[in-house]
Amino acid sequence: MSVIKGIKGVKDLLPEETPRWRFIEESARRWATRYGFHEIRIPIFEVTTLFARSIGASTDIVEKEMYTFPDRDGTSLTLRPEGTAGTVRAYIEHNRAAIPVPQKYFYTGPMFRHERPQAGRLRQFHQFGVESYGIADPRADVEVIALLWRMLHELGLPSLTLEINNLGQAADRDIYRPILVSYLKRHVPSLCGNCQHRIEANPLRVLDCKVPECRSITEQAPRLSESLAETARSYFAQVLAGLDLIHIPYSLNHRLVRGLDYYNLTTFEVTATNLGAQNAVGAGGRYDGLVETLGGTSTPAVGFAVGLERIAMLLPDSLSSPIPTDKTVYVAGFGNKGSVAGLSALEDLRTFGIPAVCDFRSTTLKAHLRQADRLGCQFTLLLGDDEVTKGVAVLRNMESKSQHDVLLASLPSQIESLLLSS
RNA sequence: GUGGGUGUAGCUCAGUUGGUUAGAGCGCCGGAUUGUGGAUCCGGAGGUCGCGGGUUCGAAACCCGUCAUCCACCCCA
């Protein structure tokens, strides 16, 4: 019989690691709530065309990374590769634009992309993201970036950098693209093979190439910022001024070109060292055209997403190790009468509200005490045949080794007062 | 999709130019203590050497294939 194993790139989160995940998620929720965002829960799968239209049909995600399958009636469905598309769909479908207060959502959950796994990259991974709809004001960008920064910063992640760039409007990029292409074509032989191909496919990506030769060529290249219209420039200037005002440190990165098609104007990314090759912890930007692209009325929007696995990788170990078992009582019932009395003592404590555990495999007191020790219990309730005959049990403090008799008849209340006094 | 590294006990890893019965540390179980945990000492269990084929008198080791995993490219959170 062969053992069934998990899917490549799909990880289990075992009980040892869930505390640090809860810590991350709770922290993210708390910060998003402080900034006026409300949780939205959207489906894990959607109609395939939603992602094709929003993310961009020619992106890698849509071309080769989606988990797509036919529904029983033949409709093509896809496991969500990111959260923005579904959130926008829900925003349109429920006519949220009609609500007269800002629509600011956050979401968290698993995403799916069929990629080759490596450090910080999985096929099922988890994101936390926020989306802010309807506000074409630089302060909305600032708000979202501030939330991202404060959230990551409070987690104590080391060496974070916020990078920011202005992509302008699509029309600005249409002006810039041929300028860049003609420059790049004059340097084709010095570019890496990838970039030679990118000149045709996605010239802006050349700016983002890691190869040193390519970087030195693009260092001299005409800048996108020089092709931007005045409206785009002044919008970005206001975003930066806002960040300065509230003391969010950033660095301008003219190479920051986001991968998804729907971004315009502000784009940003928070990177960290010690993350392997995938150094982006979170990223986002403005996507004013997306709601309209998906069939809604023209709606400005800005948001970000962070990778929870990547945050977990960066989080200091100190947050994961201590398993606080506080005042859990280990009930050591042994012997014929003792084990029976132990079972009812367990239940009495639990229904009273006192956490209580037992390892039913242990038959001797010695084995029980060893398990109590391993489980980190501060107290053990000793309950053998002798005690049952006397109508008592013995509460042992595992640290001080002091023991007190307690009456079986009023077990929970007596134990509670002993726990409180210790 | 492409490239590289690694697969030996529950875990971390040794294992000589191919040689007889594959080891260590930690962990686990038991005993010293037949009703008192951790520490110590003593003892014990536990291995299809990832899988399949090949070379050889002989393979954990060499060759081919395959799978898993990690890392990198690509791309992205």
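Chain letters run A, B, ... following the sequence lines, proteins first, then strands; residues in each count from 1. Predicted, not measured: the structure shown is a model, and the values here were computed from it.
- The side chain of R370(A) places an N or O atom within less than 4.0 Å of a non-bridging phosphate oxygen (OP1 or OP2) of G30(B).
- Residue contacts for E387(A): at a heavy-atom cut-off of 4.0 Å it reaches a base atom on one of the strands shown.
- Look at U33(B): it lacks any Watson-Crick or wobble partner with both distances under 3.5 angstrom.
- A donor-acceptor contact under 3.5 Å is not formed by the side chain of K366(A) with the base of G30(B).
- In this entry the distance linking CD of Q378(A) with P of G38(B) reads 19 Å, nearest Å.
- Pairing partner, U66(B): G50(B), with both Watson-Crick or wobble hydrogen-bond distances short of 3.5 Å.
- Rounding to the nearest 0.5 Å gives a distance of 6.5 Å between CG of L204(A) and CG of L180(A).
- Residue side chain E399(A) does not reach the base of G37(B) through any donor-acceptor N/O pair under 3.5 Å, judged by distance alone.
- D141(A) and T266(A) form a side-chain donor-acceptor contact under 3.5 Å, judged by distance and modelled atom types alone.
- Distances shown here put every side-chain N or O of K337(A) at or beyond 4.0 Å from the OP1 or OP2 atom of G35(B).
- Residue side chain R396(A) reaches the base of G37(B) through a donor-acceptor N/O pair under 3.5 Å, judged by distance alone.
- Taking a cutoff of 4.0 Å between a charged side-chain nitrogen and a carboxylate oxygen, E154(A) and R30(A) qualify as a salt bridge.
- A salt bridge is defined here as a Lys NZ or Arg NE, NH1 or NH2 lying under 4.0 Å from an Asp or Glu carboxylate O, and E115(A) with R123(A) fails to meet this definition.
- Figure legend. G38(B) is base-paired to no nucleotide; pairs are counted as Watson-Crick or G-U wobble with both atom distances under 3.5 Å.
- Comparing the C1' positions of U20(B) and G1(B) gives a spacing of 48 Å, expressed to the nearest Å.
- Nucleotides G38(B) and G30(B), compared at atom P, are 11 Å apart to the nearest Å.
- When rounded to the nearest whole Å, the span between CZ of R123(A) and P of C75(B) equals 18 Å.
- Relative ring orientation between F304(A) and F268(A) is described as perpendicular, the plane-to-plane angle rising above 60° on a 0-90° scale split at 30° and 60°.
- In this entry U2(B) has A72(B) as its Watson-Crick or G-U wobble partner, both defining distances falling under 3.5 Å.
- Taking atom CG on L122(A) and atom P on C70(B), their separation rounds to 8 Å, with Å as the unit.
- In this structure, the CZ atom of F379(A) is 16 Å from the C1' atom of U36(B), given to the nearest Å.
- The D60(A) side chain lies nearest to C75(B) when the options are C75(B), A77(B), G30(B).
- Using a cutoff of 4.0 Å between basic side-chain nitrogens and carboxylate oxygens, E39(A) and R29(A) are scored as salt-bridged.
- Candidate nucleotides U36(B), G38(B), C75(B) were compared by shortest atom distance to the side chain of L365(A), and U36(B) ranks first.
- Spacing between A45(B) and G52(B) at atom P, rounded to whole Å, works out to 27 Å.
- Across all strands shown, A372(A) has no heavy atoms under 4.0 Å from either base or sugar-phosphate atoms.
- When rounded to the nearest whole Å, the span between CD of Q371(A) and P of C28(B) equals 10 Å.
- Residue L148(A) contributes atom CG, which lies 12 Å from atom P of A77(B) at whole-angstrom precision.
- When the C1' atom is compared between G5(B) and G43(B), the two are found 41 Å apart, to the nearest whole Å.
- Side-chain N or O atoms of E17(A) include none that pairs as donor or acceptor with a backbone N or O of L13(A) at under 3.5 Å.
- Annotation: G47(B) and G4(B) have their C1' atoms spaced 29 Å apart (nearest Å).
- Mapped onto RNA chain B by nearest heavy atom, E65(A) and G384(A) fall at different nucleotides, with G384(A) at the one closer to the 5' end.
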Provide a list of protein-nucleic acid N or O atom pairs under 3.5 angstrom, restricted to nucleotides 71-73 of chain B.
from	atom 1	to	atom 2	distance (Å)
C71(B)	OP2	A119(A)	N	2.8
A72(B)	OP1	A277(A)	N	2.9
A72(B)	OP2	Q118(A)	NE2	3.2
A72(B)	OP2	A119(A)	N	3.4
C73(B)	OP1	K210(A)	NZ	3.2
C73(B)	N4	R121(A)	NH2	3.1

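- Here the side chain of Y67(A) pairs no donor or acceptor atom with the backbone of L77(A) at under 3.5 angstrom.
- Counting only heavy atoms from C-beta on, K8(A) has its side chain closest to U69(B) among U69(B), G35(B), G38(B).
- Nucleic acid contact for I311(A): none, since no nucleic acid atom lies under 4.0 Å from a heavy atom of the residue.
- Under the stacking criterion of a centre-to-centre distance below 5.5 angstrom and an interplanar angle below 30°, F125(A) sits stacked against the six-membered ring of A77(B).
- Figure legend. C57(B) is base-paired to G19(B); pairs are counted as Watson-Crick or G-U wobble with both atom distances under 3.5 Å.
- Residues F37(A) and Y105(A) keep their aromatic ring centres 6.0 Å or farther apart.
- Comparing the P positions of G18(B) and A60(B) gives a spacing of 13 Å, expressed to the nearest Å.
- Remark: the separation of the P atoms in G15(B) and C62(B) is 12 Å, to the nearest Å.
- Across the C1' atoms, G31(B) and G23(B) are found 25 Å apart, a figure rounded to whole Å.
- When the nucleotides A68(B), G37(B), C70(B) are ranked by their closest atom to the side chain of K401(A), G37(B) comes out on top.
- In this entry G25(B) has C11(B) as its Watson-Crick or G-U wobble partner, both defining distances falling under 3.5 Å.
- Atom P of nucleotide G37(B) and atom OH of Y330(A) are separated by 14 Å, given to the nearest angstrom.
- Ring orientation note: the planes of Y287(A) and Y263(A) are nearly perpendicular, at an angle over 60° on the 30°/60° scale.
- Using a 4.0 Å heavy-atom criterion, one finds that F304(A) contacts no nucleic acid atom at all.
- R374(A) has its CZ atom 10 Å from the P atom of G27(B), to the nearest Å.
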